[in-house]
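Notes to accompany the following structure.
Throughout, a chain's letter reflects where its sequence line sits, starting with A, and its residues are numbered from 1. Just so you know, these numbers use all the heavy atoms, side chains as well, and skip hydrogens, waters and symmetry mates.
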There are 2 protein chains.
Amino acid sequence: MTPAAPSDGTGPQLRADAARNRARILAAARAAFRERGTAAPLDEIARRAGVNIATLYRRFPDGEALIRQVVIDGYTVLLHAAQTAVRQTPDGALPAIERWLLGLVAEREMLVLPLIGGPVVNDAEALAIQRELGALLDELLATARDQGAIRPDVTAADLTTTVALACRPLPHLDAATGQVLAERHVRVFLDGLRPGPDPSSPLPPGPTLDEVLARVYAAGPTPTPTPTPTPTPDSKTQR
Amino acid sequence: MTPAAPSDGTGPQLRADAARNRARILAAARAAFRERGTAAPLDEIARRAGVNIATLYRRFPDGEALIRQVVIDGYTVLLHAAQTAVRQTPDGALPAIERWLLGLVAEREMLVLPLIGGPVVNDAEALAIQRELGALLDELLATARDQGAIRPDVTAADLTTTVALACRPLPHLDAATGQVLAERHVRVFLDGLRPGPDPSSPLPPGPTLDEVLARVYAAGPTPTPTPTPTPTPDSKTQR
DNA sequence: CACTAACCGCAGGATATCCTTCACTTATTC
DNA sequence: GAATAAGTGAAGGATATCCTGCGGTTAGTG
């Protein structure tokens, strides 16, 4: 790879030193976010990155910018993996999809998708990546359908949903165990993708990926700040 | 239901008033935790519950106790649903499992399972619930296997993993959309449970549920506070 | 209908995190 | 090897959240 960070074009060419630390910070942030969530203190991230806190603030204007970059990097991983999948379909589209999903699960520790409590990352860059990803997945799915290798009611949104669900950390579980469990889950899911010879019930109607993207909160992380008219369901147990 | 909260037996019989507010607080906490994660301020939870902050602290010694109770309640929902499933298997064990999973997904907004950044809830009560749940699921799975209705390599841990993955909120998505996506995902997963007539690859070996429970972090939420010897992988894009 | 548990409103100290600033040192680049 | 971008260490103000305490009020309970 090139010394600096060649990406969105606006790069003012970081010095080797700076690029290295930037990468370290992002790696530490990924780990911290997966373990402690968005609440992970920036001090701790800097410490884990072996970098002074001032350096972190030099690279990222504030904590939100750091989170945003981590999420964007996550989307980028999905996209690149999908591009590879589209290119390598000698044995059919479904196997390519399977490799895509299992590959992502395998490197899930590297992945941080949108976090609960984190900022909404739906700027132009994020949307562009997601839309391109959607197009690639649609392409793969269409091919798989034509090959009769997949049930016809599965959509690109279903695949991204699976990534989102299976690649987030399982709280309080070590990485290795979470890894194994997630992979087993995904493998069962993948088997469910095959066209059912038996009367497997069709999926209920769902939104397209574009619709999902459109429904992501435009404002802050507080969608329905309902002052609580909730009649309160019951909850058992005593303290 | 009875006026107070009849559960673990240690209940000093809350007044009707108190029990009501307690339930409201827990409901508000569930909603807040699903939206903002563990970082949800207690003030906000109290406000959303239509209750003064002092009342919250009267019911729960501190924030952790509140989180713990919410999680325990979540486990309890799983357990009760499983008990119902075991009782109602006229059409076989697999359909009962399917109803169990789909039912949980349907009421996922009511469910809060362990949260990233939250305390580790693995006290005696939680473990007892989880073990009983595991026993019930093992029973259902064994029956389903005997009936030849399910692939033989699926374990109770796979089922709880699926609940954990599918019932957590999809960040930044409204409840309804998350609901639909989660249900579609689970339906595909369920179809993957059927015994494959075709050469569906067997699942890689995985831990039993007891092993998973044993591996839950005993200490705090910081398992590997590695000061970061990580050689830092690369990350693209520029700020 | 009296008793009192429970709730409310509010004030305030403790702590943690965020983010900035600055003088000084180190490492990279040309 | 000189110019300078980048990093270090440390101090400190601004918030936000946690949690406690107390007098006054409300509302179940028997």
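For B:Ala18, whose side chain is taken as the heavy atoms from C-beta onward, the closest listed nucleotide among D:dC18, D:dT8, C:dA6 is C:dA6. Among D:dT29, D:dG7, C:dT21, the nucleotide with an atom closest to any side-chain atom of A:Arg59 is D:dG7. The side chain of B:Asn52 lies closest to C:dC8 when the candidates are C:dC8, D:dT20, D:dT8. Side chain of B:Asp62, nearest nucleotide from D:dG7, D:dG28, D:dC19: D:dC19. Set against D:dT8, D:dC19, C:dA6, the side chain of A:Thr55 has D:dT8 as its closest nucleotide. The side chain of B:Ala54 lies closest to C:dC10 when the candidates are D:dT8, D:dG7, C:dC10.
Between the CD atom of A:Gln13 and the C1' atom of C:dT28 there is a distance of 14 Å, given to the nearest Å. As rounded to whole Å, 12 Å separates atom P of D:dG7 from atom CZ of A:Arg22. What separates CG of A:Leu14 from C1' of D:dG7 is a distance of 13 Å, to the nearest Å. C:dC19 atom P lies 10 Å from atom CG of A:Leu66, rounded to whole Å. With rounding to whole Å, B:Glu44 atom CD is found 10 Å from D:dC18 atom P. The interatomic distance linking A:Glu64 (CD) with C:dC18 (P) rounds to 12 Å, in whole Å. Between the C1' atom of D:dA6 and the CZ atom of A:Arg24 lies a distance of 14 Å, rounded to the nearest Å. At whole-Å resolution of the value, CZ in B:Phe60 and P in D:dC18 are 15 Å apart.
By the 4.0 Å N-to-carboxylate-O rule, A:Arg36 lies close enough to A:Glu44 to be salt-bridged with it. A salt bridge does not link B:Glu183 to B:Arg108: none of the charged side-chain nitrogens sits closer than 4.0 Å to a carboxylate oxygen.
Phosphate proximity of C:dT20 to A:Arg58: absent, as no side-chain N or O sits under 4.0 Å from OP1 or OP2. The phosphate of D:dA6 (OP1 or OP2) has no side-chain N or O of A:Arg20 nearer than 4.0 angstrom.
A distance-only check finds a donor-acceptor pair linking the side chain of B:Arg184 to the backbone of A:Pro204 [under 3.5 Å].
Positionally, the nearest nucleotide of DNA chain C for B:Asn21 lies more toward the 5' end than for the other of B:Asn21 and B:Ile53. Comparing B:Val51 and A:Thr38 by the nucleotide of DNA chain C whose heavy atom lies nearest to each, the residue mapping closer to the 5' end is B:Val51. Comparing B:Asp43 and B:Asp17, the nucleotide of DNA chain D nearest to each residue sits closer to the 5' end for B:Asp43.
Applying the 3.5 Å distance criterion, the base of C:dA6 shares no donor-acceptor pair with the side chain of B:Arg15.
With no hydrogens or angles considered, no side-chain donor-acceptor pair links A:Asp158 and A:Thr161 at under 3.5 Å.
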**Report entry** Step-by-step side-chain hydrogen bond (donor to acceptor under 3.5 Å, both in side chains) determination, B:His185 to A:Thr162
**Finding:** CA-CA 7 Å; B:His185 173 85; A:Thr162 300; 3.0 Å; yes
